[in-house]
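This structure is a prediction, so every number in the text was calculated from the model and none was measured. In what follows, every chain begins at residue 1, and chains take the letters A, B, ... in the order their sequences are listed.
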Protein chains: 4
Amino acid sequence: MKKTKPKYRQIIDAAVVVIAENGYHQAQVSKIAKQAGVADGTIYLYFKNKEDILISLFQDKMGYFVEKIEEKIAGKEKAAEKLLVMVESHFSMLSVDRHLAIVTQLELRQSNKDLRHKINEVLKGYLALIERILFDGRESGEFSADLDIRLARQMIFGTMDETLTTWVMNDQKYDLTALAEPVHKLLISGCGKP
Amino acid sequence: MKKTKPKYRQIIDAAVVVIAENGYHQAQVSKIAKQAGVADGTIYLYFKNKEDILISLFQDKMGYFVEKIEEKIAGKEKAAEKLLVMVESHFSMLSVDRHLAIVTQLELRQSNKDLRHKINEVLKGYLALIERILFDGRESGEFSADLDIRLARQMIFGTMDETLTTWVMNDQKYDLTALAEPVHKLLISGCGKP
Amino acid sequence: MKKTKPKYRQIIDAAVVVIAENGYHQAQVSKIAKQAGVADGTIYLYFKNKEDILISLFQDKMGYFVEKIEEKIAGKEKAAEKLLVMVESHFSMLSVDRHLAIVTQLELRQSNKDLRHKINEVLKGYLALIERILFDGRESGEFSADLDIRLARQMIFGTMDETLTTWVMNDQKYDLTALAEPVHKLLISGCGKP
Amino acid sequence: MKKTKPKYRQIIDAAVVVIAENGYHQAQVSKIAKQAGVADGTIYLYFKNKEDILISLFQDKMGYFVEKIEEKIAGKEKAAEKLLVMVESHFSMLSVDRHLAIVTQLELRQSNKDLRHKINEVLKGYLALIERILFDGRESGEFSADLDIRLARQMIFGTMDETLTTWVMNDQKYDLTALAEPVHKLLISGCGKP
DNA sequence: AATGAATGAGAATTCATTCAT
DNA sequence: CATGAATGAATTCTCATTCAT
């Protein structure tokens, strides 16, 4: 399995750094190779093409995200609590990896429609996790019986995403993790009065 | 004033069509010129460069959005009602212009960081409108007194944006306008029980 | 005769200024038109094309040069004296028109081979004048009987030209007219000892 | 060192041929690449840009000139003799490379002011060589004690340059090397009688 | 497995010139 | 005579990918 070889990870990690520091369109394969300490041609022994590096990068990181979050919510009972843990984990993981935050929130979005469809495929795992939490919450009576799970998932993901992107566009200059709790509260109760 | 000349609009409209049908990276200036029925060089009598076409396009459309929405909410009293009108208008305007929806939700995001920062400047007018509604709603006691306006704005914009993008990524195959009301309800009351 | 109409001269003079200040390759027809205070299209009522402006400019100025110099040497008897007057006049006329000096010594040389051949045609009048002086000097015994007139003309013109170009390349920052006498002495006696 | 690789020379030599045969403005990079037998992109592995090819070409050839001339005058004692060798060498070297003569005397002068300033920097080595000969000749009493070295250098270079350019403009149809001796004589003794 | 020199397709922009008014 | 909006041809340079070593 190629994915376990050390150079595979070297290249993925190099790609995150190079894209974050140079931007998507200035992240040439040769730069990634240099950062990874390998020859240009070597990249193609581990990845089909440049797009494959980016998809693999996203799969790799997002897979780790979902895994970590699932671990953490395993012990929680309430859906609301699970959501809080999810938002906290997501925010916290991007807080500690500034490069990755830039890559996922800004740079990777500059990819073309084709690549974005593939990225969306990868995202489905995360979205399914959110929907599972919402479904459980509705079943248990914690959430409205008429909650539209798909829309609610779009609200939750859209809100987190917009919060993250705003934070990155503002050069990550405020504490993101402090926003997890109020964002969670908003998602649970909306703008209206309790 | 160049912006009022007929060729200015011809070119903007041609750009929307060409970008929507060919994708951002396949929208060459020569294609836009052909679609607009002018010579390549004519483009540069009306726009500084290719990026200027895209910014102008966004300014033009987004300016129209904000203007229309402001007109419609002018007569409304309740903040919640204003929000509903806003979501309805936004969804409805993109529903009737499939090309524009593709351009704003997918293609324009492939632009580089520089252009995206300029687009964000344009977006500020819209975001300010949302914040104004939230502020009025909080002042009038309609919304929670401790509502964090910035976060609430991020939730509203993020939710609409995610809903729109999902719709476009699914080839606009379901009725978007029907989602305005339930999305609005979600934004007002969140996932929790009323 | 078009050449006597005021706009003809306006355009020629505008061309000198625009080329001197912007350089040959940045001297667009539209800039010359603007400087001359006429519309772009008007240029083409007085000149066949852009190249025609440049040739006319050169003919105009060089014709004036030859005319002035011929006037001044008319009263002189000695060939050496005539040469001195010629060098003095040439240097002096370019000294008082900095723009023209830049145009003839630097900018017009950037034209293509074709245009340069036409410019050379115009130059022939000047070169013939030099050869006439040399011929007379040789006939009268003032110069060596075996003086190769063609080569001597190349020396005289080449030396003046190099002196002028060096002066312009050094931003015309020293007194050019003071060089006329020593240059003349050099041309008469060469590097050797008298 | 790139300058020693065979492709570096291939490209320089191809550039001389292409510029001489097509003219400066018709010497596209793709033509040079084709003539050199390499791909367009390969050019950019050896040269920063098109201008860099031209500067390198000039440096390369002019450096060779100065080197060869210095070798040849090393054994000579008299300054006048050194000058003769210099003129002979210069004329002879351009006589045997018709393409190069066209490029240095006509085509390279069409470059813009920026490139011409860089070319002038390269020329300084040659001009310094001339001044060194003149200085030695003046010190040894061979030349006038009051010889203005700067002006004399301008005469020498200007005369050679004009002679060369005239020869090239006349399609190199007479024997240039035969002119070295009479040109030298002119430079030493000027137009006056001995 | 690893290298890195070589490839070559692809696109924004300028500006001399025209011609309908 | 004069205008100036419109035209459209033409060229450098980048960079993902290959393949001989």
J.: In the strands shown, is F:dT12 matched to any nucleotide by a Watson-Crick or G-U wobble pair with both distances under 3.5 Å, and which?
T.: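 The answer is E:dA11, by the H-bond criterion.
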J.: To the nearest angstrom, how far is A:Ile53 atom CD1 from F:dC15 atom C1'?
T.: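 After rounding, the gap between these two atoms is 13 Å.
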J.: Over how many whole Å does the gap from D:Ile11 atom CD1 to E:dA6 atom C1' extend?
T.: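 So the CD1-C1' distance, D:Ile11 to E:dA6, works out to 11 Å.
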J.: Among E:dA2, F:dA16, E:dT13, which nucleotide sits nearest the side chain of A:Gln28?
T.: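 Selected nucleotide: F:dA16.
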J.: Among the nucleotides E:dA6, F:dT17, F:dA2, which one has an atom lying closest to any side-chain atom of D:Thr42?
T.: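 Nearest nucleotide to the side chain: E:dA6.
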J.: If you measure from the Lys or Arg side-chain nitrogens to the Asp or Glu carboxylate oxygens, is any gap between B:Lys34 and B:Asp40 under 4.0 Å?
T.: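 Answer for the salt bridge query: no.
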J.: Report which part of the nucleic acid A:Lys34 touches: base, sugar-phosphate, or nothing (heavy-atom distance under 4.0 Å, all strands).
T.: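 The residue A:Lys34 makes no contact with any strand.
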J.: Could you check how far CZ of B:Phe47 sits from P of E:dT13, rounded to whole Å?
T.: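 Answer to the nearest Å: 13 Å.
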J.: What integer distance in Å separates A:Asp40:CG from E:dA6:C1'?
T.: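 From A:Asp40 CG to E:dA6 C1': 12 Å.
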J.: Does a donor on one side chain sit under 3.5 Å from an acceptor on the other, for C:Gln105 and C:Asp161?
T.: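 Short answer, yes.
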J.: Who is the Watson-Crick or G-U wobble partner of E:dA20, with both distances under 3.5 Å?
T.: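 When the pairing criteria are applied, F:dT3 turns out to be the nucleotide that pairs with E:dA20.
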J.: What's the separation between atom NZ in C:Lys50 and atom CG in C:Leu115, rounded to the nearest 0.5 Å?
T.: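 If I round to the nearest 0.5 Å, the distance is 10.5 Å.
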J.: Between D:His25 and C:Gly41, which is nearer to the 5' end of DNA chain F once each is assigned its nearest nucleotide?
T.: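 Closer to the 5' end of DNA chain F: C:Gly41.
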J.: Whether the side chain of B:Lys31 engages the backbone of B:Gln26 through a donor-acceptor N/O pair (distance < 3.5 Å, no angle test) should be reported.
T.: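 Checked: pair present.
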J.: Counting only Watson-Crick pairs (N1-N3 plus N6-O4 or O6-N4) and G-U wobbles (N1-O2, O6-N3), all under 3.5 Å, who is the partner of E:dA1?
T.: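 Base-paired to nothing in any strand shown.
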J.: Of the non-hydrogen atoms in C:Glu107 and C:Tyr24, which two are nearest, and what is the gap between them?
T.: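 Taking every non-hydrogen atom into account, OE1-N, 2.9 Å.
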J.: What is the distance, to the nearest angstrom, from the CD1 atom on C:Ile43 to the P atom on E:dC15?
T.: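 After rounding, the reported distance stands at 15 Å.
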J.: Rounding to a whole Å, what distance do you find between C:Lys31:NZ and E:dT14:C1'?
T.: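 Computing the C:Lys31:NZ to E:dT14:C1' distance gives 12 Å.
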J.: With the side chain of B:Ala39 defined as its heavy atoms from C-beta on, choose the nearest nucleotide among F:dT7, F:dT17, E:dA11.
T.: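 Closest nucleotide to the B:Ala39 side chain: F:dT7.
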J.: Of the listed nucleotides (F:dT3, E:dT13, F:dT12), which one gets closest to any side-chain atom of B:Val29?
T.: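 Selected nucleotide (nearest to the side chain): E:dT13.
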J.: Rounded to the nearest angstrom, tell me the gap between atom CG in A:Asn22 and atom P in F:dT14.
T.: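 A:Asn22 atom CG is separated from F:dT14 atom P by 15 Å.
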J.: Measure from the side chain of D:Val38, starting at C-beta and using heavy atoms only, and say which of E:dT3, E:dT7, E:dA2 lies closest.
T.: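 So the nucleotide nearest the side chain must be E:dT7.
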J.: Side chain of B:Tyr44, heavy atoms from C-beta onward: which of E:dT13, F:dT7, E:dA11 has the nearest atom to it?
T.: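 Out of E:dT13, F:dT7, E:dA11, the nucleotide with an atom closest to B:Tyr44's side chain is E:dT13.
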J.: Closest to the D:Lys50 side chain: F:dA16, F:dA2, F:dT12?
T.: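 Among F:dA16, F:dA2, F:dT12, the one nearest the side chain of D:Lys50 is F:dT12.
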J.: OP1 or OP2 of E:dA1 less than 4.0 angstrom from a side-chain nitrogen or oxygen of A:Tyr46, does that happen here?
T.: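 Checking E:dA1 against A:Tyr46, no side-chain N or O comes under 4.0 Å of OP1 or OP2.
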J.: Quick check against the 3.5 Å criterion: does D:Thr42 have a side-chain atom that pairs as donor or acceptor with the backbone of D:Val38?
T.: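 No, D:Thr42 side chain to D:Val38 backbone: no donor-acceptor pair under 3.5 Å.
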J.: To the nearest Å, how far apart are C:Lys7 NZ and F:dA2 C1'?
T.: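 Between C1' of F:dA2 and NZ of C:Lys7: 7 Å.
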J.: Could you pick out which residue, C:Glu51 or B:Asn49, lies toward the 5' side of DNA chain E when each is mapped onto its nearest nucleotide?
T.: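 Nearest-nucleotide comparison on DNA chain E picks B:Asn49.
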